[in-house]
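A quick note: this is a predicted structure, and the numbers were derived from the prediction, not measured. Order of the sequence lines sets the chain letters (A, B, ...), proteins ahead of strands, with each chain counted from 1. Keep in mind that the numbers below use all heavy atoms, side chains included, and drop hydrogens, waters and symmetry copies.
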Amino acid sequence: MRPIDMHCDTILGLIDDKGGLGLYENNLSVDIKKLKRGIH
Amino acid sequence: MWVNIKSKKDPMENCLELIDRFYVELEKNSHSISIATNYEDIIKNDDSDKISAILTIEEGGTIKGELYNLRNFYRLGVRAITLTWNEPNEIGYPNTTSKYRSKGLTKFGQQVVDEMNRLGMLIDVSHLSDEGFYDVAKLSSKPFIASHSNSRTMKNHPRNLTDDMIKVLSESGGVMGICFERDFLGNTEKARIEDMIRHIKHIKNIGGIEVIALGSDFDGSHPNCEINNIGEIEKLAFALSDNKFSEDEIDKIFYKNVLRVIKDVL
C-alpha cells in the first residue's frame with residue numbers, strides 16, 4: 001500500500017511511495033508550479 | 001483545494017474552478033491516478049497500481065453558509081473539508097489569534113457537522129479554534145481528523161494540538177497528520193526530521209500510535225525542509241526505524257491509521 005498524505009496541497013491527497021509529488025513534477029503532466037500558492 | 005476567502009470574491013466559484021482542474025489533470029493522467037471517494041476505491045486503485053486522489057477542501061467558507069452547497073460538493077466527489085482556514089467563516093473561527101480561541105462553532109457550523117456525518121465526509125479541525133475543536137469532538141458521531149497539526153507541548157504554536165486535544169481526538173478514533181512546517185515543529189530555519197520524531201514520540205505517549213498519520217503540507221509550508229518532497233518520505237521511515245519504531249508502527253503512521261478512518265467515515 002502507498003503512503004497516505006492527508007494534507008498535500010497539490011491535487012493529491014494520496015501519494016506514491018515511488019516518488020509521489022516528485023514523480024509528478026518529473027514525469028507527468030501535472031503542472032506543480034501552477035498549483036503552488038504560498039503558505040497555508 | 002485551498003481557497004482564500006479574503007482574496008476571492010466568490011470562494012465557491014474559485015473552488016469549483018480548482019475542482020475542474022483536478023478532474024482535467026486526472027483525465028490527462030488516467031493511466032496512473034484515479035479519484036477515490038471511499039475505502040474500496042483506494043483498494044481498487046492500489047490493486048491496479050494507481051495512485052489515489054481524494055478531493056478535499058481547505059476552507060469551509062466555500063459552502064457560503066448553505067447546506068445544499070455542502071451536498072453539491074459531496075456530489076462532485078469532495079470527501080473532506082477543513083472547517084476554517086485562517087479567517088472566520090459561517091462555520092466557525094480560526095485559531096490564528098487569541099481572540100478567536102474561545103469561540104466555538106456557529107449554529108450553522110453545528111449543522112455542518114451533522115450533515116458531514118450523515119453524508120460520510122471527513123471533518124478536518126486543523127486551523128479551527130480550540131473551542132471549535134471541542135464542539136466538533138462533542139457533536140461528531142464519527143471520527144474526525146486534524147489533517148496537518150503537531151503537538152503544542154512540543155512546539156507552542158496555536159496550529160498545534162494540546163495534549164488534551166490529542167487524547168480527545170484519539171478517543172474519537174480520529175487521526176492527526178504530522179506536518180512538516182518548520183514553525184509547527186521547532187525553532188530552526190530548516191524543518192528537521194529529528195523534530196518530527198520528537199513530536200511523534202510525544203503524541204504516541206499521549207494518544208497512542210493509532211492517532212498518528214502524515215499531513216506534510218508540501219506546497220503549503222516553508223520549502224526549507226530536510227524532506228524536500230514527498231519522493232523523499234522514506235527518510236522519515238528510516239528515522240522512525242532508527243528510533244525503535246516497529247515496522248507495524250511505521251505502517252500505521254504511513255497509511256494504516258488513515259485507512260481505518262476512511263473506512264469508518266466515508
Side-chain angles (χ1 to χ4, degrees), chain A, chain B residues 1-2 4 18 21-22 25-26 28-29 32-33 36 42-43 45-46 51-56 58 79-80 82 85-86 122 124 126-127 145-148 175-177 179 181 183 213-222 228-234 237 251 253-259 262:
Chain A
M1 180 61 69
R2 302 169 198 275
I4 299 175
D5 187 345
M6 293 199 295
H7 203 84
C8 192
D9 286 329
T10 54
I11 62 165
L12 304 179
L14 297 175
I15 57 172
D16 186 357
D17 54 350
K18 294 170 196 158
L21 183 55
L23 179 148
Y24 266 69
E25 280 181 319
N26 295 330
N27 299 329
L28 297 177
S29 63
V30 172
D31 188 343
I32 297 296
K33 288 180 184 67
K34 272 191 191 168
L35 296 164
K36 286 185 175 169
R37 296 170 305 247
I39 307 298
H40 47 96
Chain B
M1 309 295 144
W2 171 66
N4 185 347
L18 292 170
R21 180 163 177 81
F22 171 87
E25 292 294 349
L26 282 194
K28 278 199 285 189
N29 298 285
S32 55
I33 185 167
I42 294 170
I43 300 302
N45 289 339
D46 196 62
I51 301 169
S52 286
I54 292 185
L55 195 47
T56 71
E58 186 180 17
R79 289 296 180 268
T82 315
W85 184 59
N86 286 342
L122 290 165
D124 182 4
S126 284
H127 288 281
I145 63 170
S147 67
H148 56 312
V175 285
M176 58 191 288
C179 185
E181 163 57 43
D183 292 344
L214 301 177
S216 68
D217 208 8
F218 280 126
D219 286 357
S221 57
H222 289 99
N228 289 303
N229 58 57
I230 213 67
E232 295 183 4
I233 197 68
E234 75 276 4
D251 284 349
I253 294 169
F254 272 54
Y255 68 91
K256 281 183 176 173
N257 289 338
V258 182
L259 270 183
I262 287 171

Going by the rule side-chain contact (heavy atoms from CB on, under 4.5 Å), which residues pair with B/Thr82 if we only count those two or more places apart in sequence or in a different chain? B/Glu58, B/Asp124, B/His127

Search all heavy atoms of A/Met6 against all heavy atoms of B/Ala213 and return the closest pair with its distance. CE-CB, 4.0 Å

Least distance between heavy atoms, A/Ile4 atom then B/Leu259 atom: CD1-CG, 3.8 Å

Restricting to side-chain hydrogen bond (donor to acceptor under 3.5 Å, both in side chains), what partner residues turn up for B/Asn4, sequence neighbours left out? none

Would you mind checking which part of B/Leu122 comes under 4.5 Å of any heavy atom in chain A, side chain (CB onward), backbone (N, CA, C, O), both or neither? neither

OH-CG distance between B/Tyr255 and A/Asp5, expressed to the nearest 0.5 angstrom: 16.0 Å

